[in-house]
Amino acid sequence: MAQRSIGVGRDSFRDRVAEHGRLRALLESFAYAPPFGGMFGKSVPFYAESYWYAMGGLTFLLFVFLVLSGILLAWLGPYWWLTQPFGRFLKSFHYWSAQGFFFFAILHAFRVWATGSFRGRRLLNWWIGLTVFMLAMGENLFGLLARGDWESQFVSMHSTDMLFVEPFFFHLFAPADFSADLLIHVAVIPVIMGALIFAHVLLVRLQGVSEPLGQPASKNGAAEEY
Amino acid sequence: MAHGQGSQHVIPVVPADDHPSARPVRHAFYKYPLLAVAALVVAVLLAAFVGSPNWPRETVAGASTRDPGGAILAFTQELAGTSASTMNESERGMAKPADVFVLNPLREAAPLLGADIQSALKTYDAAGADQRQAWAAAYEKALGTITPESSGAGDMGTASPDYSRTSSLTGDFGPVPTLVQADLKLAQSGFLEQYLQGVEPGHLFHLVNIWLYDHPRMLNAAVDQGLTDDQWGMVKERGFGVGSWYLILPAVVHVKLPNGATGGGFVLDNLLIAAFLLFAVPLLPGLRDLPRRLRLYRLIYRYPVRGELDEPENMPRAEGYHGRAPMPGAGI
């Protein structure tokens, strides 16, 4: 197959227009401009040019939505987010961002598992990712406890009944304590999650896209051409 | 992206060995701003038009006005040492519920409550611990005689005494009925909630929630709505269709697994599942080979349609992959 050399090793706008067209080249300019310019690798294997490989990125994007809306919610407080129209809107945005976070995180985890991307040294990142997911479930519980509506009141007491019937954390914490719940939801778990997500993304960048799975027949020929 | 010349040209070709093309191509970053905007728009629309769960908070005044019999029961049980709050007093790091919810608020408000209440408090304070306990226990038993058999909330809920019949009760109750009736007035007026928030200013709803759970109303409402953990409440919200569906694993552990309903069992079972996902799935021979055997990756990898690799956007690129991984064939 004839291979044209256009675009190879070059990232000028004109090269990108030649490859993706004007609109797409314009849309993707952010990836080649500061501050993103140095952050993104510019190539991926063809097989990874699939929306399945965008699920982790979407999960991260929704984490960003959650952090930004969460900062505003924490700033203005429960009476605002439960009663005022814009407060309720932002609380709902936070709620649906959390729904999206879990939705995309599960699709991402499925993609990683189904493509065997936990193999070899990537095992560490499999562990980090699952830890982030488990922390997110805990973060979800504390978010519910910190919400301040009926469900929040009931779950705080009901979870105490079930989970915390024995003195918990040396009496330092009880789910019935709204202030402790809010503090844990805002200032403890998300900080740990943020650090682990940073490590997760860093490892992805260091290790690159994982090699494709395939059947042993490939050893008998059918060589990849690129 | 295919130049459609018939359906065989737009269907990706999966080779017999499933291996997709690993040719390094320019990453289509243009998708990301579009995906980000789409995610933002969907979240904004859902937030604006669907909203989120927001069932109004229960208040001490609300619960004790709508169900005064339940409030009388709660105060009496707190004095008798049989309330839910007394059972879990130590892990909640609180003082005796009898003091926190009944006696201290009454003492605080005593100057405004009149001579009867002040005298009842004096009588109660002067009595020995056994006598106080006997009064409260006798009154709690008497309340049982005016409590309907069914709470309408199945076996889990607690029925409230019929408040209209409390004045008909007779027995050796000492000052207990006077005290709990006075505390009911404080609760209905909103004083008690303000008081409970004021004694723990750094922990706004702590004591309020604990008292509301002493009142039968909250758990009864949860049972009626199917919201307790045993009723898969972990994945549900009151008055809202979409709950925490992603907590289905812990919910299954709680409802279905042996010992999942106890605190220790719940934690242990969840840790076992976590260990399975962390270690068995990626490491256990057989299990770790499942992705290769199931071949679900064929739904995930992009396989070129005919002619697609000849298009400008799929020209091979010299530099390494996204990140710094070596090229395929050079190991993982």
Portion of [X] that has a non-hydrogen atom of chain B nearer than 4.5 angstrom:
| X | value |
| --- | --- |
| A:I106 | side chain |
| A:S210 | neither |
| A:L123 | side chain |
| A:W96 | side chain |
| A:F103 | both |
| A:M134 | side chain |
| A:L144 | side chain |
| A:F102 | both |
| A:F93 | both |

Name the option with the most non-hydrogen atom pairs under 4.5 Å to chain B; the candidates are [options].
| options | answer |
| --- | --- |
| A:R147, A:R111, A:H94 | A:R147 |
| A:Y53, A:F133, A:Y51, A:W81 | A:Y51 |
| A:V155, A:L182, A:L23, A:T115 | A:T115 |
| A:A105, A:G148, A:G21 | A:G148 |

Side chain, backbone, both or neither: which part of [X] has an atom under 4.5 Å from a heavy atom of chain A?
| X | answer |
| --- | --- |
| B:R298 | neither |
| B:A261 | backbone |
| B:Y32 | side chain |
| B:L46 | both |
| B:L299 | backbone |
| B:L212 | side chain |
| B:V281 | both |
| B:P282 | both |
| B:P304 | both |
| B:L227 | both |

At a heavy-atom distance under 4.5 Å, which candidate from [options] has the highest pair count against chain A?
| options | value |
| --- | --- |
| B:A84, B:G233, B:A48, B:G239 | B:A48 |
| B:V50, B:D18, B:V44 | B:V44 |
| B:L35, B:N54, B:L296, B:L247 | B:N54 |
| B:S244, B:A222, B:A39, B:P53 | B:P53 |

Indicate yes or no for a side-chain donor-acceptor contact from [X] to the backbone of [Y] under 3.5 Å, with no hydrogens or angles considered.
| X | Y | value |
| --- | --- | --- |
| B:H254 | B:G260 | yes |
| A:E139 | A:A136 | no |
| B:Q231 | B:T228 | yes |
| A:N125 | A:H200 | yes |
| A:S92 | B:S52 | yes |

Cation-pi check, [X] onto [Y] ring (under 6.0 Å, within 45° of axis):
| X | Y | answer |
| --- | --- | --- |
| B:R57 | B:F205 | yes |
| B:R238 | A:F154 | no |
| A:R16 | A:Y32 | yes |

Any idea how [X] and [Y] line up, ring-wise: parallel (<30°), tilted (30 to 60°), or perpendicular (>60°)?
| X | Y | answer |
| --- | --- | --- |
| B:Y213 | A:H158 | perpendicular |
| A:W113 | A:F110 | tilted |
| B:Y301 | A:Y47 | perpendicular |

For this session: Would you please indicate yes or no on a ring centroid separation below 6.0 angstrom for A:F60 and A:F104?
Result: no
Exercise. Are the ring centres of A:H20 and B:Y30 closer than 6.0 Å?
Worked result: yes
Problem set entry | Atom pair CG/CZ of B:L34 and B:F29 - distance to nearest 0.5 Å | 14.0 Å
Exercise. CG of B:L207 to OG of B:S85: how many Å apart, nearest 0.5 Å?
Worked result: 9.5 Å
Problem set entry | Lys/Arg-Asp/Glu bridge criterion (N-O < 4.0 Å) met for A:R24, B:E313 | yes
